[in-house]
J.: 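Provided herewith is a single structure, encoded as structure tokens, for subsequent inquiry.
Letters go in sequence order (proteins before strands), and every chain restarts at 1. Values below: all heavy atoms of this structure, side chains included; hydrogens, waters and symmetry mates excluded.
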Protein chains: 2
Amino acid sequence: MSCVRHLQTRLLPTEDTDLGEEGQESKPTFDFQTYMIQKVNVVNQALDAAVPLNDPVKIKEAMRYSLLADAKRVRPVICIAACEVVGGSESMAMAAACAVEMIHTMSLIQDDLPCMDNDKLRRGRPSNHVVYGEAVAVLAADALLAFAFEHIAASTVGVPPSRVVRSIGVLAGSIGPEGLAAGQLADMSCERISVSDVGMEDLEFIHLHKTAALLEGAMAVGAILGGGSDEEVEKLRMFARSIGLLFQVVDDILDVTKSSEDLGKTAGKDLLAGKLTYPRLIGIEKSREFAEKLNKEAQGWLSGFDAEKVMPLVSLANYIALRQQ
Amino acid sequence: MSCVRHLQTRLLPTEDTDLGEEGQESKPTFDFQTYMIQKVNVVNQALDAAVPLNDPVKIKEAMRYSLLADAKRVRPVICIAACEVVGGSESMAMAAACAVEMIHTMSLIQDDLPCMDNDKLRRGRPSNHVVYGEAVAVLAADALLAFAFEHIAASTVGVPPSRVVRSIGVLAGSIGPEGLAAGQLADMSCERISVSDVGMEDLEFIHLHKTAALLEGAMAVGAILGGGSDEEVEKLRMFARSIGLLFQVVDDILDVTKSSEDLGKTAGKDLLAGKLTYPRLIGIEKSREFAEKLNKEAQGWLSGFDAEKVMPLVSLANYIALRQQ
């Protein structure tokens with residue numbers, strides 16, 4: 001659970017304790033670390049159970065290799081959190097949460113392919129195609145994407161079918177030609193363009209599509225499954241949009257400032273590849289200021305919800321802003 | 001409409017005319033050619049409308065290049081036919097029929113990739129990756145797969161949501177780790193094995209997963225959306241399984257006996273690649289006998305349905321058995 005361990009000192013004293021009137025430290029009202037550990041554990045168990053190592057073994061093994069690698073599980077956690085914020089339960093969103101992580105994993109496998117970013121390291125170990133070969137990696141990615149939709153359709157419990165249909169439409173929309181796929185393509189195109197030819201607008205298009213879209217999908221789906229009103233779904237989607245941009249700005253910063261060992265993936269890769277990033281476009285300091293602004297924007301979208309119920313999301317936005325890997 | 005033109009002489013005299021008691025030829029009771037032209041036209045229009053050439057243009061263009069190429073549209077037509085056989089309407093199955101063709105197109109784009117079959121010709125023109133590059137082809141394939149599910153979820157009309165959810169589960173299942181993806185992987189694995197090491201069982205696994213699974217999915221989804229009983233859905237699925245194997249046996253035979261120009265794709269490729277095929281395993285004549293047996297099996301699954309309503313399927317099985325490209 002290395003992804004949440006560092007939060008204890010960095011995040012919890014600020015976000016998760018309540019200094020009483022006398023300035024005396026009282027019992028924390030919300031323990032984000034415990035929340036994350038519990039959610040990540042339950043998601044990991046559900047992912048393990050969703051793709052058992054049975055026949056046909058070869059493709060299941062390749063799927064599991066990437067799906068069950070040590071990971072932050074940010075997307076499934078926000079899917080569940082959104083469901084709970086609007087009054088739903090963890091179990092209502094669990095199949096969708098797993099589906100979101102399957103889709104995210106699919107995108108990572110593809111991102112690492114020789115014809116894309118050609119990255120040999122992912123989540124602290126060799127990329128899928130390095131271990132299983134390019135053709136199997138492509139098929140494992142397909143299988144994860146297809147199974148994600150099968151899983152939501154077949155394993156969502158306690159939710160009216162109309163909500164499931166709407167969720168599938170929203171999630172699929174977030175990764176299709178007007179979502180993730182468009183972002184990946186724009187990202188690759190901009191790699192080959194001089195930094196003077198591209199601006200904040202191009203960079204925002206890439207990140208809104210490549211990163212924010214699936215986070216928005218995860219959150220909207222959780223809120224829909226939990227029975228949220230249209231307004232609630234939209235506010236939570238906008239929260240996800242802000243933390244999506246935030247996530248990418250921080251990712252860009254970490255790529256420049258951290259080692260491969262810290263990150264569990266190749267550091268400095270974006271810079272070397274001439275990729276369009278925030279630090280490259282506006283510098284490290286301005287990137288940090290932008291991250292702070294996005295965190296505030298994100299928190300703003302949570303106003304009007306039950307203050308206690310949104311604590312996981314408030315903390316999560318801070319976690320994304322302050323993460324070190 | 002080259003795909004149906006040859007049926008007029010090859011198929012209709014046998015299947016679609018009724019020799020009266022005196023042996024006099026009466027008016028055909030079912031005109032398969034007209035049926036196919038009408039269905040293919042309406043599917044082509046629906047596909048064109050489903051993926052308009054709007055922003056982001058680059059990925060839409062790559063999707064449309066493969067999706068709107070001249071093609072037989074067997075899968076969408078059987079999806080609609082299954083829906084109509086159980087009492088549903090064309091419009092109830094249209095979104096799903098388009099989704100099935102999007103998924104099929106996705107699998108063709110991937111199949112042609114350098115890391116897979118490395119085929120430069122498809123549907124009579126250069127493969128997607130030859131025109132747009134490998135990375136864009138991979139993303140266009142993703143986008144088609146994701147959009148397929150968005151399309152069913154968002155654009156299916158006149159059907160209760162519970163049927164839509166079930167359809168999505170069945171369709172996704174047909175192409176995931178226990179469907180199409182497993183078939184593709186097994187196909188690639190067997191390419192590298194000596195013909196003496198593999199048998200009919202391996203070949204059947206490949207074809208049941210690589211070809212039959214999506215046809216089964218298409219047909220089951222049509223029947224589900226049309227409100228078919230579990231028994232009807234299962235019988236139509238089994239029909240699709242038989243014509244799936246039949247389709248592949250005939251494809252294997254055509255690969256050996258036809259030219260690239262006739263096929264609109266590279267002929268003799270399977271043989272040159274050392275691919276496991278029916279002709280390679282049991283010879284051309286036994287392959288033809290097997291095809292005939294499968295056609296009879298397929299027709300058997302249609303007993304019990306309204307004789308008039310199943311005519312498109314009866315004719316379609318014969319079309320697949322007798323097709324020349």
J.: I need the residue from Ser155(B), Ala62(B), Ala137(B), Ala146(B) with the largest number of non-hydrogen atom pairs under 4.5 Å to chain A.
T.: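 Ranked by heavy-atom pairs under 4.5 Å with chain A, first place is Ala146(B).
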J.: Atom CG of Asp142(B) and atom CG of Asp142(A): how far apart are they, to the nearest 0.5 Å?
T.: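 Rounded to the nearest 0.5 Å, the CG-CG separation comes to 7.5 Å.
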J.: Based on non-hydrogen pairs under 4.5 Å, which of Ala182(B), Ser167(B), Gly169(B) is most in contact with chain A?
T.: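 Winner by heavy-atom pair count: Gly169(B).
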J.: Mind checking whether Val138(A) and Cys115(B) have side chains closer than 4.5 Å, heavy atoms only?
T.: yes
J.: So which atom in Met188(A) and which in Val136(B) form the shortest heavy-atom distance, rounded to 0.1 Å?
T.: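 That closest heavy-atom pairing would be CE-N, 4.5 Å.
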J.: If you compare all heavy atoms of Ala181(B) against all heavy atoms of Ile59(A), which two are closest, and at what distance to 0.1 Å?
T.: CB-CD1, 3.6 Å
J.: Look up atom CE in Met116(B) and atom CD in Glu134(A), then write down how far apart they are to the nearest 0.5 Å.
T.: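 Rounded to the nearest 0.5 Å, the CE-CD separation comes out at 10.0 Å.
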J.: Quick one: of Gly179(B), Ser174(B), Ser162(B), Ala140(B), who has the most non-hydrogen atom pairs under 4.5 Å with chain A?
T.: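 Among the listed options, the one with the most contacts to chain A is Ser162(B).
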J.: Between Asp55(A) and chain B, which part of the residue has a heavy atom less than 4.5 Å away: side chain, backbone, both or neither?
T.: backbone
J.: I'd like to know which of Met106(A), Gln110(A), His151(A) tops the heavy-atom pair count under 4.5 Å against chain B.
T.: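 Top count of heavy-atom pairs under 4.5 Å with chain B: Gln110(A).
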J.: If you count heavy-atom pairs under 4.5 Å between each of Gly173(A), Ala154(A), Ala141(A) and chain B, which one has the most?
T.: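 Heavy-atom pairs under 4.5 Å are most numerous for Gly173(A).
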J.: Looking at Pro177(A), Gly176(A), Ala143(A), which has the largest count of heavy-atom pairs under 4.5 Å with chain B?
T.: Pro177(A)
J.: Just wondering, do Asn54(B) and Glu178(A) contact through their side chains at under 4.5 Å, heavy atoms?
T.: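 When only atoms from C-beta onward are counted, Asn54(B) and Glu178(A) do touch, with a gap below 4.5 Å.
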J.: Measuring from Ile168(A):CD1 to Ile168(B):CD1, what's the distance to the nearest 0.5 Å?
T.: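 Result: 4.0 Å between the selected atoms.
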J.: When rounded to the nearest 0.5 angstrom, what distance separates OG in Ser107(A) from CG in Leu139(B)?
T.: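 Reported to 0.5 Å precision, the distance equals 10.5 Å.
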J.: Between chain A and each of Phe205(B), Phe149(B), Phe147(B), count heavy-atom pairs under 4.5 Å; write down the option with the most.
T.: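 Most heavy-atom pairs under 4.5 Å with chain A: Phe149(B).
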